[in-house]
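Just so it is clear, the structure is predicted and the values come from calculations on it, not from any experiment. Convention: sequence-line order gives letters A, B, ...; per-chain numbering from 1.
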Protein chains: 2
Amino acid sequence: MGDNAVVNTRPPTIYDVARSAGVSKSLVSLVLRGSPSVSEARRTAVLEAVERLGYRPSQAAAALAGATTRTIGVVIDDWRNLWFVELLRGLQEGLAPHGLRIAVADHTLNAHVEAHPLDGFLSMRVDGLVIATEPTGAMRVPEGLPVVVAGHREGVVPGAEVVANDDRLGARLATEHLIGLGHRGIGHLTGGGGAARLRAEGFAAAMAAAGLEPRTVAGHGATTEEDGYAAAVRLLDAVPETTAVFAANDTMAMGALAAAGERGLRVPQELSVVGYDDSPIASTHLLRLTTVDSRNAEIGAVAAERLVARIGGGPDTGAAVLLEPELVVRGSTAAPRATG
Amino acid sequence: MGDNAVVNTRPPTIYDVARSAGVSKSLVSLVLRGSPSVSEARRTAVLEAVERLGYRPSQAAAALAGATTRTIGVVIDDWRNLWFVELLRGLQEGLAPHGLRIAVADHTLNAHVEAHPLDGFLSMRVDGLVIATEPTGAMRVPEGLPVVVAGHREGVVPGAEVVANDDRLGARLATEHLIGLGHRGIGHLTGGGGAARLRAEGFAAAMAAAGLEPRTVAGHGATTEEDGYAAAVRLLDAVPETTAVFAANDTMAMGALAAAGERGLRVPQELSVVGYDDSPIASTHLLRLTTVDSRNAEIGAVAAERLVARIGGGPDTGAAVLLEPELVVRGSTAAPRATG
DNA sequence: TTGAAAGCGCTAACAG
DNA sequence: CTGTTAGCGCTTTCAA
């Protein structure tokens with residue numbers, strides 16, 4: 001009585017579609033999942049009903065009934081660190097063909113309010129995890145869950161595979177580029193974290209190999225523009241004969257550029273600057289920064305590959321894949337001017 | 001036989017917790033959801049079992065059984081546009097106290113592979129939606145779903161509320177700042193999209209009010225650094241008497257800075273530059289950009305407020321909230337040099 | 001205050 | 001090729 005006059009505000013279910021198409025709900029499920037063994041007539045009937053009703057399968061129900069969520073959780077550090085943009089692209093492109101989607105969670109943002117972003121992902125029962133953060137000891141994940149740590153080598157996450165670029169090598173490339181240009185007074189701006197440490201090591205090694213003294217200075221301990229600025233100011237003031245600076249990342253390099261400008265040092269004429277990461281800011285007209293491409297998109301692609309393999313039942317190789325970084329020469333480096 | 005020797009790799013369920021704590025599963029559910037009507041003894045027993053087993057409630061099951069997912073979907077344009085970082089922060093802070101979490105999806109990233117990111121959110125049965133993108137006609141959302149369009153005024157999303165800053169006013173503030181400084185040759189760098197158009201309108205209005213001729217030039221149609229660079233080059237070459245530039249956003253302003261540098265124009269001595277958004281790059285040492293604070297964090301906070309109200313059963317006001325932008329004066333603007 | 005029971009919407013064996 | 005039947009793990013009445 002008046003039943004069909006009731007406006008159902010709830011989203012349509014698979015039952016509604018089945019009824020509307022005049023088939024059973026399993027048939028609807030089959031069509032939606034692209035089964036080949038469904039007659040064309042039924043298929044179109046179902047598809048039309050789906051369209052007509054504006055039906056969207058409930059992810060919750062699918063996740064609960066099926067064994068998998070088809071989603072990979074990605075934990076990132078901070079939305080401001082643009083290096084993960086390419087990482088996400090690589091991941092996305094590697095995952096999508098396998099019907100896997102990605103969900104991103106920010107570490108710092110969630111830190112204030114919720115527990116660890118990992119908790120959310122585990123509650124969500126993701127099929128795999130990408131940790132694009134400096135791993136911490138608190139990161140315990142269930143055994144058997146495919147996890148890859150991306151961009152950081154020091155994986156303290158048990159059972160995780162690692163995909164990263166070879167920071168030591170990249171730092172060497174940057175330093176050798178500067179040395180090859182004829183620089184001798186080369187300083188390094190470092191920050192906190194494992195990647196920064198490896199880069200500092202690579203810098204020191206390359207300098208030592210050339211018989212040069214490696215000067216390394218930190219800002220306030222982090223790797224922000226402000227840190228780069230502070231470190232560069234410190235370096236430039238303490239060692240005026242500096243003609244080149246290698247920063248632990250592009251953001252710090254940006255700060256170094258500012259410090260140089262303030263001191264009237266033109267880049268690259270009076271000061272060469274090299275960054276690291278080849279993030280979007282490096283290629284801007286304003287910076288034209290010589291940098292090291294850490295190949296983040298490929299890191300994402302390889303991470304995706306590993307995840308897909310593990311999800312497909314492959315073994316946990318536990319191996320670390322190190323991609324070779326590449327030097328990208330732009331306009332912020334040049335040979336030093338002849339010195340007295 | 002040997003049954004208990006089998007290692008159960010699946011995550012523990014509420015049943016496991018109940019058994020381990022010696023209570024019924026409903027009791028576990030009550031404890032987890034913080035019901036006051038549970039004896040202290042049982043509560044601790046349950047909590048201990050949870051801890052012991054490493055239990056995490058299944059989001060899928062909770063969503064399916066309950067009526068709500070307690071998550072808000074946020075659709076953004078592009079991870080590179082940093083303006084949404086503050087938006088997210090404001091949202092997060094406004095939502096968290098109400099037990100609501102946020103899920104972020106990128107429009108452009110998903111565009112390649114999946115359907116619309118909205119589809120994902122609707123499949124997920126989010127409790128609300130924040131659209132931080134230029135809304136398009138394709139954005140059909142179920143009636144009754146709380147939706148707020150953030151940062152864009154032209155909401156073609158039916159039934160959505162709008163929270164944004166007053167772009168026209170902001171542009172006027174920027175332009176009047178320049179005029180007040182004594183500039184007369186002021187150009188505007190514009191891009192595509194509704195916000196850019198409103199900013200261009202505000203610029204034109206302020207210029208007209210001062211009896212000045214508004215020159216507006218676009219780059220390649222978008223609002224990237226490259227567009228800002230191209231537009232600035234065009235402007236500076238066509239109108240050499242230009243002493244100030246107002247860009248549609250900080251990124252474009254960065255491009256303008258590059259164009260100025262290339263032409264040997266020092267900022268702010270020979271060219272003043274104003275951006276818009278007060279994004280993280282504006283406050284760097286390198287840019288020290290005078291800009292307009294579009295108050296993104298507050299936009300997020302207000303959006304959160306509206307969402308919470310609607311979810312709590314409040315009415316869809318359908319209203320548009322316009323926040324007043326504020327001028328942030330930094331080092332990229334100054335009075336023009338005395339001209340012949 | 002606690003337990004039992006009925007689904008939520010879907011997938012995945014099964015039978016036909 | 002198509003329909004039937006069990007659950008997936010949780011929330012939520014409803015009794016006890």
Side-chain angles (χ1 to χ4, degrees), chain A residues 8-47 49-50 53-71 99 120 122-127 142, chain B residues 8-47 49-50 53-71 99 120 122-127 142:
Chain A
N8 191 356
T9 177
R10 288 180 339 191
T13 74
I14 198 171
Y15 285 98
D16 300 320
V17 175
R19 195 179 316 120
S20 177
V23 300
S24 80
K25 76 188 218 298
S26 342
L27 210 263
V28 175
S29 183
L30 286 178
V31 170
L32 260 33
R33 316 198 51 250
S35 165
S37 52
V38 176
S39 70
E40 206 46 52
R42 304 258 189 182
R43 177 190 306 287
T44 47
V46 168
L47 260 22
V50 165
L53 270 43
Y55 168 74
R56 294 159 194 289
S58 155
Q59 246 171 61
L64 192 52
T68 164
T69 51
R70 310 254 71 185
T71 113
L122 296 180
S123 272
M124 199 185 281
R125 305 285 191 266
V126 291
D127 292 349
Chain B
N8 191 359
T9 175
R10 288 179 340 192
T13 74
I14 198 172
Y15 283 98
D16 300 319
V17 175
R19 194 178 317 119
S20 177
V23 301
S24 80
K25 74 189 218 294
S26 338
L27 210 266
V28 175
S29 183
L30 286 178
V31 171
L32 261 31
R33 316 201 50 251
S35 164
S37 52
V38 176
S39 69
E40 206 46 52
R42 306 260 189 181
R43 177 190 306 286
T44 47
V46 168
L47 259 20
V50 164
L53 269 42
Y55 168 74
R56 294 158 194 289
S58 155
Q59 245 171 62
L64 192 51
T68 165
T69 52
R70 308 255 71 183
T71 113
L122 295 179
S123 271
M124 200 184 280
R125 304 287 189 263
V126 292
D127 292 350

- Query: Which residues satisfy the side chain to side chain contact (heavy atoms under 4.5 Å, CB included) test with B:S35, sequence neighbours excluded?
  - Reply: B:L30, B:S37, B:V38

- Message: Just to verify, what does A:A61 make a side chain to side chain contact (heavy atoms under 4.5 Å, CB included) with, not counting sequence neighbours?
- Response: A:S58, B:L64

Sub-3.5 Å pairs of nitrogen or oxygen atoms, protein against nucleotides 12-15 of chain C:
from, atom 1, to, atom 2, distance (Å)
C:dA12, OP2, A:R33, NH1, 3.0

Expressed in angstrom and rounded to an integer, what is the separation of [X] atom [atom1] from [N] atom [atom2]?
X	N	atom1	atom2	result
A:R56	C:dC8	CZ	C1'	20 Å
B:M124	C:dC10	CE	C1'	16 Å
B:R19	C:dT2	CZ	P	20 Å
B:Q59	D:dC10	CD	P	12 Å
B:E40	C:dT2	CD	P	10 Å
A:R125	C:dC10	CZ	P	20 Å
A:L30	C:dT11	CG	P	9 Å
B:Y15	C:dG3	OH	P	14 Å

- Query: If you measure from OG on B:S24 to CD1 on B:I14, what distance do you get to the nearest 0.5 Å?
  - Reply: 8.5 Å

- Item | Flag side-chain contact, heavy atom, 4.5 Å: A:L32 against A:V17 | no

- Task: Would you mind telling me which residue lines up with the more 5' stretch of DNA chain C, B:L64 or B:L27, judged by nearest nucleotide?
- Result: B:L27

- Query: If you look only at pairs with a residue in residues 24-42 of chain B, which of them pass as a salt bridge (charged side-chain N to carboxylate O under 4.0 Å, His left out), with sequence neighbours excluded?
  - Reply: B:E40-B:R43

With respect to the phosphate group of [N], does any side-chain polar atom (N or O) of [X] fall under 4.0 Å of OP1 or OP2?
X	N	value
A:S24	D:dG3	yes
B:R42	C:dG3	yes
B:Y55	D:dC10	yes

- If every non-hydrogen atom of A:Y55 is compared with every non-hydrogen atom of A:T13, which pair is closest and at what distance? CE1-C, 3.5 Å

- Item | For the student: nearest non-hydrogen atoms of A:A49 and A:A21, plus distance | CB-CB, 3.8 Å

- Item | All side chain to side chain donor-acceptor pair (under 3.5 Å) counterparts of B:T68, not counting sequence neighbours | B:D127

- Rounded to 10°, the angle between the first-five-pair and last-five-pair axes of the helix from C:dT1-D:dA16 to C:dG16-D:dC1 is 30°

- Is the side chain of A:S123 donor-acceptor paired with the backbone N or O of B:Q59 at a distance under 3.5 Å, no angle test? no

- B:V23 has a side chain; which of D:dT2, C:dG3, C:dG9 sits nearest to it? C:dG3

